[in-house]
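The structure appears right after this line, and notes come after that.
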2 protein chains.
Amino acid sequence: MSEPTHETAQELAPPPERARTITDLARIAGVSPGTVSRALAGKSLVNAKTRERIEALAREHGFRLNQMASRLRRQKTGVIGVAIPLGHDRRQHISDAFFMTLLGYLADELTERGYDLMLRRVIPDRDGDWLDRFVGSGMVDGVIVIGQSDQFERIEAAAARFLPMVVWGNHQEGQRHCVVGTDNFAGGRLAAERLIAAGASTIGFLGSTDPIEFAARYAGAKSVADDKGVPIRALPTHLSPEHAADEIAAHLASDMAGIDGIFAASDMLAIACMTELQKRGIDVPGGMKLVGFDDLPIASQTRPALTTIRQDIAAGAARLADLLLRRMGGENTASVVLPPELVGRQTA
Amino acid sequence: MSEPTHETAQELAPPPERARTITDLARIAGVSPGTVSRALAGKSLVNAKTRERIEALAREHGFRLNQMASRLRRQKTGVIGVAIPLGHDRRQHISDAFFMTLLGYLADELTERGYDLMLRRVIPDRDGDWLDRFVGSGMVDGVIVIGQSDQFERIEAAAARFLPMVVWGNHQEGQRHCVVGTDNFAGGRLAAERLIAAGASTIGFLGSTDPIEFAARYAGAKSVADDKGVPIRALPTHLSPEHAADEIAAHLASDMAGIDGIFAASDMLAIACMTELQKRGIDVPGGMKLVGFDDLPIASQTRPALTTIRQDIAAGAARLADLLLRRMGGENTASVVLPPELVGRQTA
DNA sequence: GTGAAAGCGCTAACAA
DNA sequence: TTGTTAGCGCTTTCAC
């Protein structure tokens with residue numbers, strides 16, 4: 001790939017011959033490739049002097065171990081695959097704020113433990129075989145799926161044959177795959193309770209109910225609303241705030257009959273909604289109560305500050321990493337459901 | 001890794017023998033491994049009938065090509081390495097909002113073109129050899145470095161020997177490595193001009209000047225301030241908003257003598273600053289003008305909406321991807337400096 | 001159009 | 001302690 005040209009002759013010594021393979025280095029050192037391999041791996045059974053000499057030569061000749069070959073041979077990659085399926089909304093980008101935040105924490109956790117992350121964005125309906133291809137690619141030791149999207153069944157199927165996989169998402173009674181996630185139903189209940197306590201008499205659920213997580217949030221809110229005799233209905237939008245803005249505006253313009261409390265499926269939608277409300281001169285929370293979901297860092301920075309349902313993303317990432325490593329060690333771990341938490345601020 | 005147990009006997013046919021390697025499949029199909037390889041690769045010189053038969057058998061027996069082996073043999077990985085050096089601030093996490101947003105767009109771009117991303121978070125002072133190790137690992141076809149941090153010299157050195165590398169960051173006269181980034185100096189000028197036009201008589205620069213990009217922003221602002229006879233000085237903080245909040249509070253409590261305009265090194269710092277100002281009852285922009293940098297999606301959602309210097313992140317990601325692919329093709333591309341743009345909102 | 005054979009660069013038995 | 005050897009699973013000449 002590179003062409004090591006020697007443009008200026010500043011050094012007196014000739015440039016050291018470049019050792020590309022372990023065999024090159026072995027020849028230079030006058031030992032066998034096996035010894036070089038052992039020396040570089042820090043194996044105890046190699047003579048300390050020999051090791052030091054080989055290490056020095058490796059530095060001098062710019063030698064780097066070819067990880068592809070090493071990993072093929074050892075049948076271990078040191079890489080965790082992270083898949084982000086975007087099935088429920090083709091136009092949703094990987095740049096989604098919640099996923100990115102979770103990914104950031106995951107990268108921190110896993111890098112800390114010596115793994116690299118291989119990121120793959122997936123459009124399931126373009127490629128029905130995406131998950132099996134990923135887990136069977138030989139490129140990763142384990143897989144984390146961020147979000148079930150509308151791929152619940154496919155994930156179940158893969159889980160039957162592939163142990164080292166953990167999923168961020170919603171937990172269903174009796175499911176097979178190991179999932180870490182917030183109790184979305186309980187979160188939905190908290191949101192509706194807060195809206196009703198704040199005086200809302202009719203509730204709108206803003207967002208999509210296609211992804212199973214969001215459906216559970218809606219179901220939770222509905223269970224509370226039904227109990228208290230408060231009407232609730234869905235205000236469907238796409239999930240990325242840019243695409244949702246117009247849809248929100250359209251709802252606000254024509255579709256609100258009586259709605260005075262909005263439960264947004266995510267903070268980003270809640271914030272987009274707040275902007276649209278303010279454009280129309282509707283006071284929050286005076287004219288409209290608003291509750292989000294996620295508690296992204298931004299939620300506390302809006303004016304008025306957003307009341308929302310907190311998912312502990314850092315804790316979630318830590319659990320994902322921990323469970324995955326245990327599964328990679330052969331353990332069959334149970335799912336983890338994290339409790340959501342109401343963060344009461346100013347919008348409801 | 002997985003143990004394909006056959007728990008229930010729901011199927012009538014016996015479960016198909018699992019073909020793990022191309023040799024397994026060849027034996028089942030009664031052909032040679034070479035033929036299977038050619039068939040699966042869609043090579044033209046294989047009989048159409050044979051190919052179809054092999055493809056069917058591959059599906060039936062759940063065969064997946066081992067990418068590690070394939071890539072070792074072909075000396076091509078299909079993976080782009082993305083390194084995020086965190087040298088200037090050990091406590092800064094990869095979950096930094098700007099980096100994550102850029103990474104999201106990059107993932108969109110590169111996945112679209114058939115590449116996977118391998119993410120690596122780097123703490124340079126723990127590992128002086130990080131970049132050479134990464135580019136020489138044999139695991140990636142090309143490398144994108146997000147942010148120069150304080151690693152300018154090391155990146156220069158790697159660029160001398162390794163062509164397929166592109167860096168997001170600041171451009172220096174005469175530098176060797178190919179960089180894509182905003183003209184930070186010009187951005188700093190825009191910010192200072194705006195603050196002064198809004199009536200600021202003394203300017204504080206909030207953030208760190210260790211990373212070269214931020215130093216350039218400060219230098220740009222200073223050049224304008226000096227021209228106009230407006231005092232300017234640095235209010236140093238860490239870069240992650242969580243860690244910076246207390247430092248900002250401390251500055252506001254003791255260190256502001258005369259400062260009535262703040263240029264924050266990033267939007268996240270600006271937002272954290274706004275929150276601290278509001279806590280103290282200082283009106284923005286009445287009591288303090290404020291300008292950020294980045295124009296993250298959040299910037300338009302704060303109240304008051306943040307005046308900031310826009311970096312076109314999506315365009316930047318597209319250029320990074322484009323240049324890298326050209327370099328992987330052997331071309332020696334020039335750097336790209338994107339113009340910043342003032343986005344005038346309500347805080348200055 | 002297909003098979004046989006030689007590696008990609010490395011590691012780990014097994015010998016010495 | 002070190003060398004030799006046989007692969008990891010795949011691709012690609014070179015024959016036929």
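All chains are named by letter (A, B, ...) in the order of the sequence lines, taking the proteins before the strands, and each is independently numbered beginning at 1.
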Assign a letter to each nucleotide of nucleotides 8-16 of chain D from its 5' end: B, base within under 4.0 Å of a protein heavy atom; S, sugar-phosphate only; -, no contact. BBBBBB---
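Although no hydrogens or angles enter the test, the distance criterion places a donor-acceptor pair under 3.5 Å between the side chain of A:Thr77 and the main chain of A:Asp141. Under the 3.5 Å distance criterion, the side-chain polar atoms of A:Thr21 are matched with a main-chain donor or acceptor of A:Thr23. Panel note: side chain A:Arg120, backbone B:Asp116; no donor-acceptor pair is recorded below 3.5 Å.
Between B:Arg59 and A:Asp132 there is no salt bridge, since no side-chain N of the basic residue sits under 4.0 Å from a carboxylate O of the acidic one.
Rounding to whole angstrom units, CG of residue A:Leu40 and C1' of C:dG9 are separated by 13 Å.
Here the rule is side-chain contact (heavy atoms from CB on, under 4.5 Å) with A:Leu25, and of A:Val36, A:Val31, A:Leu65 only A:Val36 fits it.
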